[in-house]
Number of protein chains: 2
Amino acid sequence: MARPCPNGRHDHHDVYSATCPCRALLDLLANKWSALIIGLLDDHGPMRFTAVQTALPGVGAKMLTQTLRRLEAASLVTRTIYAEVPPRVEYELTDLGVDVSGPLGALRAWAEDNVDRIEALDGNWLQPT
Amino acid sequence: MARPCPNGRHDHHDVYSATCPCRALLDLLANKWSALIIGLLDDHGPMRFTAVQTALPGVGAKMLTQTLRRLEAASLVTRTIYAEVPPRVEYELTDLGVDVSGPLGALRAWAEDNVDRIEALDGNWLQPT
DNA sequence: CCGTATCCGTCAAGATACTG
DNA sequence: CAGTATCTTGACGGATACGG
């Protein structure tokens with residue numbers, strides 16, 4: 001079993017090590033769409049591809065497919081294909097996915113609850129470039 | 001006062017609206033480096049530019065500057081310049097930054113604690129492309 | 001018809017060298 | 001020390017075409 005994180009804080013893992021797999025995991029979670037997708041699946045239960053895309057204005061089909069596949073590879077999401085007419089594919093959180101939706105949900109909630117404070121401090125904090 | 005989130009869950013904001021400023025805020029937080037930078041400043045207190053860069057293997061000066069400036073614009077981090085020789089610039093969390101380090105820390109901790117489970121389920125979940 | 005794969009333009013990220 | 005300027009590369013994102 002690989003232990004590439006000799007300087008870990010918890011057991012052996014440390015996100016502050018560039019080569020630690022948990023850093024790659026954090027990158028996957030701290031992605032523009034992952035938090036939204038996981039929160040969505042946590043709220044609605046199993047969803048079809050199109051339903052996810054509709055609920056996420058701004059995401060393209062390609063980016064969505066890519067992100068869903070990475071989440072699937074990380075065992076956070078299952079992808080179930082129903083051989084029906086019309087065809088149907090459903091995405092659903094695994095236990096691991098449900099588990100991480102807690103921290104991610106907290107982050108989303110914080111963003112929603114504190115935008116006003118930030119805008120009060122700096123009217124145009126959203127950088128042009 | 002702008003209220004661009006008519007379909008919000010909490011008060012008036014909703015990260016699932018493409019045009020809501022809180023979505024931009026989530027994008028800033030759910031960034032590859034933001035979580036690491038904020039956690040670092042939360043642990044160490046005020047830090048100089050080079051110290052941050054050294055503690056974050058893999059980040060380039062350009063990316064680091066960019067991220068720090070955006071965090072500063074969002075009032076999560078302060079940037080203090082000391083007119084000394086050699087020059088010194090220190091970055092420190094604001095109250096808002098300290099506040100968000102909670103949710104972000106939970107996410108980092110989850111990643112560190114659960115990589116082993118993911119690797120047990122799928123040996124090579126880290127996609128080639 | 002629903003979802004995936006391919007092509008391609010744009011833009012952000014990385015490397016390097018240099019300045020206040 | 002703390003960045004900035006410039007270039008190159010590769011990822012992102014959209015449109016289109018394809019498979020089931």
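Below, chain A is the first sequence line, B the second, and so on; all start at residue 1.
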Should [X] and [Y] be counted in the same cluster of Ile, Leu, Val, Met, Phe, Trp and Tyr side chains packed under 4.5 Å apart?
| X | Y | value |
| --- | --- | --- |
| B:Phe49 | B:Ile81 | yes |
| B:Leu121 | A:Leu68 | yes |
| A:Val98 | A:Ile38 | yes |

### Query
Touch check for B:Gly60, heavy atoms < 4.0 angstrom, all strands: base, sugar-phosphate only, or nothing?
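Answer is nothing: B:Gly60 stays at 4.0 Å or more from every strand.
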#### Entry: A:Ala61 or A:Pro87, whichever maps to the more 5' nucleotide of DNA chain D
A:Ala61
Distance, rounded to the nearest Å, where [X] contributes [atom1] and [N] contributes [atom2]:
| X | N | atom1 | atom2 | answer |
| --- | --- | --- | --- | --- |
| A:Arg79 | C:dC2 | CZ | P | 16 Å |
| A:Gln66 | D:dG13 | CD | P | 9 Å |
| A:Gln53 | C:dG3 | CD | C1' | 10 Å |
| A:Met63 | C:dT4 | CE | P | 14 Å |
| B:Leu68 | D:dG3 | CG | P | 8 Å |
| A:Leu64 | C:dC2 | CG | P | 15 Å |
| A:Arg88 | C:dT4 | CZ | C1' | 18 Å |
| B:Tyr91 | D:dC1 | OH | P | 15 Å |

Closest contact, heavy atoms only, [X] versus [Y]:
| X | Y | value |
| --- | --- | --- |
| B:Ala24 | A:Leu126 | CB-CD1, 4.0 Å |
| B:Leu76 | A:Trp110 | CD2-CH2, 4.0 Å |
| B:Leu26 | A:Leu36 | CD2-CD2, 3.9 Å |
| A:Gln53 | A:Gly60 | NE2-C, 3.9 Å |

### Query
Between A:Glu90 and A:Lys62, who's closer to the 5' end of DNA chain C by nearest nucleotide?
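Upstream on the strand: A:Glu90.
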### Task
Residues of residues 44-52 of chain B with any non-hydrogen atom less than 4.0 angstrom from an atom of DNA chain C: list those, numerically ordered, please.
none
### Query
For D:dG3, does OP1 or OP2 lie under 4.0 Å from any side-chain N or O of B:Arg69?
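Result: yes.
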